[in-house]
Amino acid sequence: MNTTSTPKYAPQAIEAKWQETWFKPNVFKAEAGGAKPKYYVLEMLPYPSGQLHMGHVRNYTLGDVLARYKRAKGFNVMHPMGWDAFGLPAENAAMKRKTHPKQWTLNNIAEMKKIMRQFGWSYDWSKEVTSCLPSYYGPQQALFLDMFDKGLVYRGEALVNWDPIDQTVLANEQVVDGKGWRSGAPVERRKMPQWCLAITKYADQLLADLDKLPNWPQRVKTMQENWLGKSYGVEFYFKLTGEGLPADAKLQVYTTRPDTIMGTSFAVLSPEHEYSALLAQTDPKAAAFIAEAKAMGTAQEIVDRAEKKGYPTPYKAIHPFTNEAMPVWIGNFVLATYGTGAIKSAPAHDERDHAFATKYNLPIRPVVTGPGVEEGKPYAPKGTLINSGKWDGLTSDAAIQAVIAEMEQLGIGKGKTQWRLRDWGVSRQRYWGCPIPFIHCPKCGVVAAPRETLPIQLPEDVEFTGSGNPLANHPTWKQTTCPTCGGAAERETDTMDTFMDSSWYYLRYLCPYTKEPLDKAAVGYWMAGGGVDQYIGGIEHAVLHLLYARFFTKALRDCGYPVGDEPFKALLCHGMVVGNTYQAADGRYLYPREVELRDADGVKAAFERATGAEVKILPMEKISKSKNNGDSPDGLLAKYGADTLRLYMLFTAPPERDLEWSEAAIEGAWRFLNRVWALAQVAAELPTTQTAAPDRALQQKLHSTIAKVSADIERFQYNTMVAACMELTNALQAADSAAQPALVREGVATLLRLLNPACPHITEELWAMLGNSTPLHATDWPTFNPALAQAEEITLVVQVNGKVRAKLVVPHDIAKDSAIALAKAAPEVQEWLSGPVLKEVYVPGRLVNLVGA
RNA sequence: GCCGGCGUGGCGGAACUGGUAGACGCGGCGGACUCAAAAUCCGCAGCCUUCACGGGCGUGUGGGUUCGAUUCCCUCCGCCGGCACCA
């Protein structure tokens, strides 16, 4: 095919042009109402770090394919975008670069938005929301007051990482090896007053309603279920004796395994427990142990992985059934935040208790036995009771019931459902967040800010010293009057967790300008029938963000907003964009193209091309600028254009898997689009009618491709959708266009329509070139004829004893008897089948398996 | 540590509900075009064995269920995500 005389594919020349035609008149504007069914496509909104990275490109391309496809299928599509604009990085940038968080954030947004438009993602930008602006966080304050009125907001306490030098609370990621990242001082786990949301009131609904989400990945539902962590057990107490304790001292514990009560040989307190604190007052060694345990910070992972350590208290816990005086320890691994902050230990039946008992030489008494029990090892499964007196011989489940019943009768305990889920502490001692709309009055206590004073705006003249909370340090901002008594009072200086901002943005998109937080008509229309029709984002949000958003929807529903029971009807979690990371001996990160890979005796090694020196191959990592393990979208856009990058993202890996960065694969996408371009140039010259009958094989390929691409988009198999388009391109290229001009022309036109959601610019350009005046974004999705999509002949596989021995070409609707007869007659079958056929297996349209002796 | 997932040619991946393993693409090899190269086009290709026809092996490991397993079940190994103040 001679393409030298036709214009070359130059995305730079055509992409901006088409973007003008989309965004200037906003052809993707979505309005509530009308005859078309609604479809809400939502992608997780980005944090405006300033750099759009490949992970965003992937996420938003996945969403855009669906949005464009659904529009072509006749839906009224809502497809918005916005900015999760509050957060720690802006304050860090303020300290590092002496810029204001607001300025830094808004600049980043402008920068990223420019690039996002260049990708041609079909957003209705008139719906844009920015969480750091009063127009967003004001309504959020109103919703917070709604929840307060509903009794879902309260003052509680939570453990935080405290930096004693900087006098500030640290995020977990600001704690490095137990020290504050700026001050270097050892952190201290400390209890602080907090604003809390009563998410635990919704624990049952959050669990039960997972069943209403068939279009969520099972793994996400399982993770949420485990996070909620519903369990049934008993909360009971031990009488506690020891010097300095009150006479009626009791130690409350919770266990899911009361069947191991007779194997209980000690109890362990968390470092935060009241009796731990009591002992510390008189025992300096205990105080030192507690301080050391608290120096781990609050991160669950650190606590769990730390060496299990204990400190023996002089207290004794009295066993409720044997009256044995059991040792009581303080343990660095016991959580203050789960159950009662103290545990009973039956070390024969719990891995962690067993390790602890072995280390400190505490008694280990097996009381449950079953298959697989081993001497000297903990046996965690349920089984049959032994060494348990009157409960001997009972199953664990029966014993659990019996022990609980007895404890209830004695009045020392009660059966109880326990959740792992804790209430949501939303207070942050930071500047760059939504101010919490409350006022502290010395006379009236904590008072809600009157709604007419919203939004309570952040002051702009603040200093970022890294010490304390800038809002609290501000000389005048917090000074106000009490709305109740009119006296002098102070504003709350805590701001909200940024997870609050991202818990309802999908609702504000629907009415970004209304004075009320939510416009009931718009929200009712778009959230009808189960909420957002398709939500798309990274798997890293499987639990926290998705659980908070689910809670928010339920809470807002109960505050009277027509948001439904669940925010997201269907969920797609995509993998990360990762790259091979190489590091030279001097610490420099090298680009993959700077590295030569060699395989010596099956051991892979990498060498720097420039110097020949061997470099370290690090594990696959999320691609980032600092690691040089991938390129940034802006440079690649200039080189290849948006359509190539979009196609690359879709084709290289299925959405749910991680995508490995590879510039070679981008080249492949680029080449394919050039082939489509050249093919369309040829097609444009072909007549629109033909005399010859249409080529049956090409026709079949065309119609089956429409079927496959449609089905693949519906199930998010975007990689195979692209492959199908490639196969159609190959078939059209190989076709005899002189003999079949009309069919080839039709085929190319259809190819453009199928490829449009993935590559909207090049397809619009070529579609117009073929003489179409209606743009593709306003053209219906192609339909196919099932009869034409069906191949006339199929390959029937013939197996003997499960091994393929022959392949027969037969009519697609061959009858079972003829198929088996043909199979038996095949010479290869005669050769391999020595005796009589014992069994005939027939899979229609696929295979015959003849089983012999 | 706890919870969840993934593992298929040299590479990314395909294989609908247990039925031809390797579609499509990258890289590689051979050819055409070219003074030459790039680009493009045509062809070959899982591994082992065989001159060839063919045969054997093969979806991280080991086992199980089945006429038949990449697919279902169990063991182990490796890698990845989350763990409540990163977003």
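A quick note: this is a predicted structure, and the numbers were derived from the prediction, not measured. Just so it is clear, the values below take in all heavy atoms, side chains as well, and ignore hydrogens, waters and symmetry mates. Residue numbering restarts at 1 for every chain, and letters A, B, ... go by the order of the sequence lines.
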- Query: What nucleotide, of C83(B), C86(B), G19(B), holds the atom closest to the side chain of Val843(A)?
  - Reply: G19(B)
- Item | Contact under 4.0 Å: Lys839(A) side-chain N or O vs C67(B) OP1/OP2 | yes
- Message: For a stem of at least 3 consecutive Watson-Crick or G-U pairs with distances under 3.5 Å, i pairing with j, i+1 with j-1 and so on, which stems involve RNA chain B?
- Response: B:1-7 with B:77-83, B:10-12 with B:24-26, B:28-32 with B:40-44, B:46-49 with B:54-57, B:62-64 with B:72-74
- Task: Have a look at Phe499(A) and say if it touches a base, only the backbone sugar-phosphate, or nothing, with a 4.0 Å heavy-atom cut-off.
- Result: base
- Message: Between the base of C3(B) and the side chain of Asn226(A), is one N or O donor paired with an acceptor at under 3.5 angstrom?
- Response: no
- Task: Mind running salt bridge (charged side-chain N to carboxylate O under 4.0 Å, His left out) on Glu663(A) and Lys639(A) for me, showing each step along the way?
- Result: CA-CA 12 Å; Glu663(A) 186 148 357; Lys639(A) 191 170 175 190; 3.1 Å; yes
- Query: G4(B) base to Arg219(A) side chain: any donor-acceptor pair below 3.5 Å?
  - Reply: no
Taking only nitrogen or oxygen atoms into account, show me every contact under 3.5 Å that the protein makes with nucleotides 21-32 of chain B, one pair per line with its distance.
residue	atom	partner	partner atom	Å
A23(B)	O2'	Glu727(A)	OE2	3.0
G25(B)	OP1	Asn730(A)	ND2	3.2
C26(B)	OP1	Arg671(A)	NE	3.1
C26(B)	OP1	Arg671(A)	NH2	2.7
G27(B)	OP2	Arg671(A)	NH2	2.8

- Task: Check whether any side-chain N or O of Arg420(A) sits under 4.0 Å from OP1 or OP2 of C83(B), and answer yes or no.
- Result: no
- Which part of the nucleic acid, if any, lies within contact of Trp424(A), taking any heavy atom under 4.0 Å across all strands shown: a base, the sugar-phosphate backbone alone, or nothing? nothing
- Message: So, applying side-chain contact (heavy atoms from CB on, under 4.5 Å) with Trp432(A), which one of Thr105(A), Thr498(A), Leu471(A), Asn92(A) is it?
- Response: Thr105(A)
- Item | C2(B) OP1/OP2 closer than 4.0 Å to side-chain N/O of Arg305(A) | no
- Note on the structure: Closest of A84(B), G81(B), C86(B) to the Met223(A) side chain is G81(B)
- Can you tell me the distance, in whole Å, between the CD atom of Glu660(A) and the C1' atom of C79(B)? 11 Å
- Message: Is the ring pair Tyr60(A)/His56(A) parallel, tilted or perpendicular, if the boundaries are 30 and 60 degrees?
- Response: parallel
- Message: Starting the side chain at C-beta, find the nucleotide from C80(B), A87(B), A84(B) nearest to Asp658(A).
- Response: C80(B)
- Message: Can you tell whether the side chains of Arg219(A) and Glu656(A) come within less than 4.0 Å, N to carboxylate O?
- Response: no
- Note on the structure: side-chain contact (heavy atoms from CB on, under 4.5 Å) with Cys759(A): of Leu673(A), Leu645(A), Val676(A), only one passes, and it is Leu673(A)
- Between atom CD in Gln224(A) and atom C1' in G5(B), what is the gap in whole Å? 15 Å
- Query: Where the side chain of Arg805(A) is concerned, which of G1(B), G55(B), A87(B) is the nearest nucleotide?
  - Reply: G55(B)
- Closest nucleotide among A87(B), C67(B), A84(B) to the Leu88(A) side chain: A87(B)
- Message: I want to check one thing: is the phosphate of C85(B), taken as OP1 and OP2, less than 4.0 Å away from some side-chain N or O of Arg428(A)?
- Response: yes
- Using a cut-off of 4.0 Å on non-hydrogen atoms, how would the nucleic acid contact of Trp832(A) be classed: base, sugar-phosphate, or nothing? sugar-phosphate
- Kindly say whether Pro654(A) contributes a backbone atom to a donor-acceptor pair with the side chain of Gln717(A) at under 3.5 angstrom? no
- Task: Figure out the OH/C1' separation between Tyr548(A) and A87(B), and round it to whole Å.
- Result: 13 Å
- May I ask you to decide if the ring planes of Tyr548(A) and Phe499(A) are parallel, tilted or perpendicular, using 30° and 60° as cut-offs? tilted
- Mind calculating the distance between CD (Glu540(A)) and P (C83(B)) to the nearest angstrom? 10 Å
- Task: Look at the rings of Trp677(A) and Tyr9(A) and say which category their plane angle falls in: under 30° parallel, 30 to 60° tilted, over 60° perpendicular.
- Result: tilted
- Item | Spacing between Leu847(A) atom CG and U66(B) atom P, to the nearest angstrom | 19 Å
- Query: Just checking His545(A): base, sugar-phosphate only, or nothing, at a heavy-atom cut-off of under 4.0 Å?
  - Reply: nothing
- Task: Ignoring hydrogens and angles, answer whether the base of C85(B) and the side-chain atoms of Gln429(A) contain a donor-acceptor pair closer than 3.5 Å.
- Result: yes
- When the ring planes of His545(A) and Tyr505(A) are compared, do they come out parallel, tilted or perpendicular, using 30° and 60° as the limits? tilted
- Message: Just the rounded figure in Å: distance from P of A84(B) to CE of Met500(A).
- Response: 19 Å
- Task: Go through C80(B), C85(B), A87(B) for me and flag the one nearest to the Met576(A) side chain.
- Result: C80(B)
- Task: Consider the side chain of Val841(A), meaning its heavy atoms from C-beta on, and name the nucleotide among A14(B), C67(B), G1(B) that approaches it most closely.
- Result: C67(B)
- Query: Using a cut-off of 4.0 Å on non-hydrogen atoms, how would the nucleic acid contact of Pro46(A) be classed: base, sugar-phosphate, or nothing?
  - Reply: nothing
- Task: Give one of base, sugar-phosphate or nothing for Leu421(A), where a contact means two heavy atoms less than 4.0 Å apart.
- Result: base
- Item | Under-4.0 Å side-chain N/O to phosphate OP1/OP2 contact, Trp432(A) with C86(B) | no
- Query: A84(B) phosphate, OP1 or OP2: any side-chain N/O from Asn172(A) under 4.0 angstrom?
  - Reply: yes
- Message: Leu659(A) and side-chain contact (heavy atoms from CB on, under 4.5 Å): which single residue from Asn719(A), Leu650(A), Val578(A), Val577(A) fits?
- Response: Val577(A)
- Task: Write down the distance between CE (Met296(A)) and P (G1(B)), rounded to a whole number of angstrom.
- Result: 16 Å
- Item | Position toward the 5' end of RNA chain B (nearest nucleotide), Lys308(A) or Lys803(A) | Lys308(A)
- Task: Remember a base hit wins even if backbone is also touched, and classify Glu831(A) as base, sugar-phosphate or nothing at under 4.0 Å, heavy atoms.
- Result: nothing
- Salt bridge Glu840(A)-Lys824(A), side-chain N to carboxylate O under 4.0 Å: yes
